[in-house]
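So the structure is just underneath, and the comments pick up after that.
Computed over heavy atoms, backbone and side chain alike; hydrogens, waters and symmetry mates excluded. For reference, positions follow the sequence shown, starting with 1.
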Amino acid sequence: MFAEELGSNASRRRQEENRARRRKLKEEQQKKTQQQQQQQQQQQQQETDSNTSSKVQQTIPISSSSAAATNTTTAAATYTVDPSVKSTVSKTIQEILPGSVATATASSKELSAVEIADIQRRQRHVVQTQKNAATTIQAFYRAHQSNMKLLFEQTELLTKRLQDLSTLQVLLKRQQLSSNSNNNNSTYVPPPATATALAVQLLFLTKSIPYRKQKNENPSVTTSTGIVKLRNMARDSVLVQQFLDLVLIPGVNSTDENVNPIMTWAQSHEGMLRIKAILRLALVVATYHNNNTAPFVDGTVIGTCLTFIKAVTTGPEQSNDNVNHNNSSIVSQLVQTCRPLLVLSETESSAKNGNVSSPRAAITLTTLVREQNASSTSLPTKMIKRVISLPYYASRNSQMDLISILRYHLLYVTGGAPIPSTSDKAREACIPPKERQQASLLFQSVFSIISSDMDDQPSHQRLMVRFMSEILTVPLLTWKVSDSCLDLLLVCNRHNRTRRNQPMLVSIMELFSEAHGDAMSMGNIESTLCQDISLNRCNATPTQILLANMIQLGRSSVQLNASQPNKLDFEAAIVYFRFLATLVDAVPVSTFSSRESVVEWISDGKGHHSPVVLSPIVLEQCRLLVSDTWARRLFQSAMDLDHLQTEKILSKKTDKDLKMEKELAEVAATSTAALAAKEARTDRSKAFWKSSVWAKKLSKGVGSILSNKGNNNIEEEKRQTSGLINATAMSRKFAAEGSSTIGTVTVASSLSGKPESPREHSFNPHLLGTLCVVYGIVLSRWGGGGGEDIVALKRPSKKGSNNEVATTTPDPCTQNLLSVLCFSTSFIRVAWAEIQSEKFQMPTETTAELRSLSIRPTVDHSYNTSSTTAEGYAMFYLFVAALSHILILTDDAEIHDLGRPIPIHQLRRVVIALKQLLYKASCTDEGNSWSQGTQQKAASREEPNYFGLSLIQSSSKAMRDLYDRSSRRPICVPKLWTIDDLMEKELRRCKTKEDYVLLLNAPVLRVCPFLVSFKRRLRLFERIIYTDRVQMQGENNANPFNPNPLKPGFPVRITRGRVLEDGLATMNNLGSDMRQRIVIHYYNQAGARETGIDAGGLFKEFWTDLSAIAFDLNFALFCINDQNCMYPNPSSGAAHGSDHIRLFEFLGRILGKSLYENITIQPQFAHFFLSFLRGDYNYLHMFSDLGTMDSQLYDNLMFLKTYDGNAEDLCLTFTVTVDDFGGTKEIPLIPNGTNVEVTNSNKHRYIGLVTKYYVVDRVKEQSEAFTRGLWEVIDKTWLRIFNEPELQVLISGSSDGKIDVEDLRAHSRYAGGFTGIDRTVNRFWNVLASMNSKQQADLLRFVTSCERPPPLGFSTLSPPFTIQRVGILRDGDKLPSASTCFNTLKLPTYSSEKVMKERLLYAIESGAGFELT
């Protein structure tokens, strides 16, 4: 009992001791845990989450994890003892535990037993997870090492087997040579079983091996699927080449179906997968490229892979001896098996919908990346990085479409980007040679494959359409492939159904047009092109890229570029340029811009637009279309004057032409408007050689150069053909010989005598029409006329787009194009002859609105009505634009004596045609009806088109130029310009000023005011002035019940002898108030006010006195030309200092006031200065105006214009030399003009710039000041309805100042007892008729203060001319007097005509003031 008690006490005591010891350990452990938690909180504040994850990996190495796997208790103890491990585990707990538990663990000072147990459980879970991860990593590396060892062994084995096959083939070849066998070309073909074993082994070595088995994966086909992975490119590519050369290609080329491995594999599903995998492998090797270095693949390897692909898709190339029916069937089966895998003629969506013509949606870059990522999600990170560098078609289940692969390779591999960043500076060198070689091999193979399917026309068409849409829209294609590739597109197509000798490129164009005809006809060709790249990644639109590539290819083809006219294929060229016309119509308006940086705006679909700078290289290639050399060659080759019978058509005259010539001769015999006739008929050659510095320089200095030995014959020919052409003598010579000159072609070129080679293709006149369509679109979109509707005053735009479709200012390229057509070809003569031959329809014959006309080509390549109509419209438009351009540098002698640019009777036909066109555009087309007081515009049936708008604007300009030219020297009778009774009804309906001003906005007056007779336009101007003057000043009449009496005006004091100074001081600051009534008070030199009362007459007197001073040549504000017409003195600043601008502004205001008050003045202004007054200088007359200002300079420029030698011999630069206060000063005409020589190609530009400087630039400052003052009083829109001669009539009345006595007598009134049959009155009219012109003008000035009659005659004189009776007893009692305010002559009743004439002359010549009144 005691023992038991002692034993129980001992055990109890041991238990208590154990409990105390465990309690103490727990307390120590809790203290340590609290310390660790405090350290953990501090570390959490300092470390980031990313450092935490890396710390976990570093804390538990693989060895520690393995130890933990063998002894869990030891691992827990390690975790407890090691602070770093505990810190890592606590961080892991923070990630694993919920936020509340983790927070409680970190913040609580004492934890319950449950919480401590939960924490320990989670710690054990973390340790177990780390143990599993370590186990997995070790298993992966063991598997990787095993796989690498296996791959190495299999590689060595495959290499040895391939070497054995190579040795076997060499031995068999030697045996065949030694045995003199007839079949020396036979090659050893391995059995299909051997080919299968080698193929499986090769695919195993070149595939990505997954380290984890995929779900639902068939182990029997693992070697045929997966991602192609080339671990060692140099080694693997050689293996692929040897396998193809030794195993597959011999079998494919074999005529025995039993040894062809492809045919054997095609019998099973696993075999088809193997075929697909091998094709994929060959494609990857052929197109492999490392982004960091140059391609590793040798050219022979690429060639072998592409040869195999071509063999299985088109059939092996065999000699005719080996071709038999059985072999054909084998080849057919082979192609049917492999071709669908590599050549997709249409997308899956198109196949389902049955829509062949729908645009192909090629695999986009986003799709490619998505496929790559999808195929590599199960791989480790390092493997993913390596796979992404492979092309998209390296992954399984991706399409192996050759066209898409070629596009992908050209875009992203060749050059590294669609448009390499170094292309601007490096040009073609931006493409490395090895990359170009690789791309060229791939291009040749793909094109040969898709072009081989000629028998299946639908499939062939779809492939060619895809080739056009996807390959020819690759930017810089001609740089990325070799010339041999481009030759494939330019060789003759022997398989064409219609024409077997046209370039392959043209056949592709035809097929593409047939497939997408509707879209092209609607101008939506861009929707048919591949658009898989955004503008941000490739800074050029698909249409721009296609246009650039087409131009590059066309310029390389002898059959299309006209470099050898005898080899030009007219039919192919017509198809080619019609396709180019469609592209030019669709490209953005920025394509042909001359700006250095061209920006296109793109939208993100959310209303935000961002700018993208377009590629200057692509735009440069597009602009080659309008290069001078190519355009010149094309038009010269398309125009055969003998075939078209141009000169015969132009020289033919009808009875109507003869009648118009007779009428013009009658008018010219009595007309005084022949201002330029005398100067134009002057033979300038003799005077030139005596006075011209250039001629002396040429005859002395250059003559010695031309006499250099060794070139005597050539230089002698130059001396014979160079020099000034005697235009008048030549015209007589040609007239006597019955021949004529041809356009602007020089005599030297016409006498070259070099026979032309016979044409290889028949001439087709429709090529000229097609060229007119192409360049007509260019000129109408970028010539400045298609960007604004001058009839409706609005800008056109594409439907649903705010982008402009045409420019509003001409681009320099269009001006160069016009210069080529005018001065380097016979286009103007040929085009007008073709128009006269009625082969093409004129725009005036259409019933549609001219504003909506379009010349976009139709799809049908036959010459139907629509195509010939478009060609006719385009040819007429180009002719009109070129005619207006050439008239700038054509003088009157060339027009009237030489028949240039076309005979004068043909010019009259042009006037008639333009008149009909402009009348239709401005009056008869729908939407141009006008009613009283308002403009009623009907809704147009169609939207305006840029071509129709440009046609109207060009026609308006050409018509205006011809009208202005005829005003200098008549081309036709005046009635030929006008439409009978046009605007007569509208004028009668107008009552108020607003009605008349609104009438100025009528389309006919804005577009072609010369269709309205000058009399009606002048009446409209006077009615505007009169109604406005009545509103501003009131009405001056004797009616006591006048509701609008005369208003008090601004008083102005003028002292005799200080007319200019006083007027400038008191009136120059009135501005638009000059329209108010101005009351002039004259003071004599003694300071006494004259007794006259200004009711309008004193202002007339003031203006007469002012003009006598201001327009005096000695006053140095104006100078005169050879025709005694005034223009601003270029040296006025030197004479008057800074005040000369104020003086010109003041004179402009005074001239405006005189027009406003219907006062005619004496000065006759120069033609070019009148253009400034209109606000629209017409450069057409610039050259003729220079002839009136500086005849010697004019002769020099005429010599340069007609000089047939080398213009560089004259040693001219783009500068002018002017006098500068006794010295000389050189002024450049263009930037760096001192270093730019004048050549034959730019001499016309030099002539224009020199003329512009002397005629326009020198007097620009003075002219602008004068017009500013004029337009403050007279709105410039009121003056634009007149041309320069008409404006001069408006200012000065009749040009010669001769008074029509009968007109004055018919519109005179009598007062004071006089009647029309009174004897004194009859004596007055007889005396007036007997006076000379000067005396009549002085008498008119004495009565009205104006020495010239009103422009419309005395019927418009207000108040009317009145003769008032003054009774006298003796002839010496009184002198005649006048009331100039009321235009009244107070005439005494003299006894005879002799006495009356003496008294009248004494009164008008006395020069006294108003004291005589």
Q154 side chain vs Q201 backbone, donor-acceptor pair below 3.5 Å = no
Are any of the side-chain heavy atoms of I450 and R466 separated by less than 4.5 Å?
-> no
Whether H144 and Y141 hold their rings parallel, tilted or perpendicular, with breakpoints at 30° and 60° = perpendicular
Reported CZ-to-CG distance for the pair F243 and D236, which is rounded to 0.5 angstrom | 14.0 Å
Work out which heavy atom in N549 is nearest to a heavy atom in L472; give both atom names and the distance.
-> ND2-O, 2.7 Å
Side chains of K131 and Q128, donor plus acceptor under 3.5 Å = yes
Taking R231 for the side chain and K207 for the main chain, is one N or O donor matched with an acceptor at less than 3.5 Å?
-> yes
Report the C-alpha distance between L157 and E153 in whole Å, list the side-chain angles of each, state the deciding distance to 0.1 Å, and finish with yes or no for side-chain contact (heavy atoms from CB on, under 4.5 Å).
-> CA-CA 6 Å; L157 180 60; E153 294 175 353; over 6 Å; no
C430 to P420 - nearest heavy-atom pair and separation = SG-CG, 4.0 Å
Separation between CG of D245 and OG of S166, rounded to the nearest 0.5 Å | 9.5 Å
Is any side-chain heavy atom of Y412 less than 4.5 Å from a side-chain heavy atom of R537?
-> yes
Any side-chain heavy-atom pair of I278 and I275 under 4.5 Å | no
Do R407 and V474 touch side chain to side chain, with heavy atoms closer than 4.5 Å?
-> yes
Once you round to the nearest 0.5 Å, how far does CG of L410 lie from OG1 of T287?
-> 11.0 Å
Kindly say whether S482 contributes a backbone atom to a donor-acceptor pair with the side chain of S440 at under 3.5 angstrom?
-> yes
Beyond-backbone contact of D401 with L342, side-chain heavy atoms, under 4.5 angstrom = no
From CA spacing to verdict: side-chain contact (heavy atoms from CB on, under 4.5 Å), V481, L486 | CA-CA 8 Å; V481 298; L486 304 181; 3.8 Å; yes
Could you tell me whether a side-chain N or O of T313 sits under 3.5 Å from a main-chain N or O of K310, the two making a donor and an acceptor?
-> yes
Considering only heavy atoms from C-beta outward, does the side chain of L402 approach that of I309 to under 4.5 Å?
-> yes
Look up atom OG in S254 and atom CD1 in I262, then write down how far apart they are to the nearest 0.5 Å.
-> 12.5 Å
Step-by-step side-chain contact (heavy atoms from CB on, under 4.5 Å) determination, L476 to S423 | CA-CA 9 Å; L476 308 182; S423 59; 4.2 Å; yes
Between E270 and R274, is there a side-chain N and carboxylate O pair less than 4.0 Å apart?
-> yes
Between T206 and L202, which heavy-atom pair has the shortest distance, and what is it?
-> OG1-O, 2.8 Å
Closest heavy-atom pair and its distance - G251, N260 = O-CG, 3.4 Å
Are S484 and Q444 close enough that a side-chain donor and a side-chain acceptor fall under 3.5 Å?
-> yes
Heavy-atom nearest pair, I302 first then L441, reads CG2-CD1, 3.8 Å
If you round to the nearest 0.5 Å, how far is CZ of F308 from SG of C338?
-> 6.5 Å
For the side chain of Q438 and the backbone of A286, is there at least one donor-acceptor N/O pair under 3.5 Å apart?
-> yes
Without swapping roles, check the side chain of E428 against the backbone of W479 for a donor-acceptor pair under 3.5 Å.
-> no
Separation of N232 CG from L205 CG (nearest 0.5 Å) = 11.5 Å
Can you find a pair of side-chain heavy atoms, one from V240 and one from V301, that are under 4.5 Å apart?
-> no
Taking all heavy atoms of T473 and all of M468, pick out the closest pair and write down the distance.
-> CG2-O, 3.8 Å
In sequence, state the C-alpha distance, the side-chain angles, and the governing distance for D164 and K160, and then conclude on side-chain contact (heavy atoms from CB on, under 4.5 Å).
-> CA-CA 6 Å; D164 294 343; K160 185 177 182 304; 3.5 Å; yes
Counting only N and O atoms by type, is there a donor-acceptor contact under 3.5 Å from the side chain of K480 to the main-chain atoms of P418?
-> yes
Should F467 and S451 count as side-chain neighbours, where that means a heavy-atom distance under 4.5 Å?
-> no
Check whether any side-chain N or O of T167 sits under 3.5 Å from a backbone N or O of Q163 as a donor-acceptor pair, and report yes or no.
-> yes
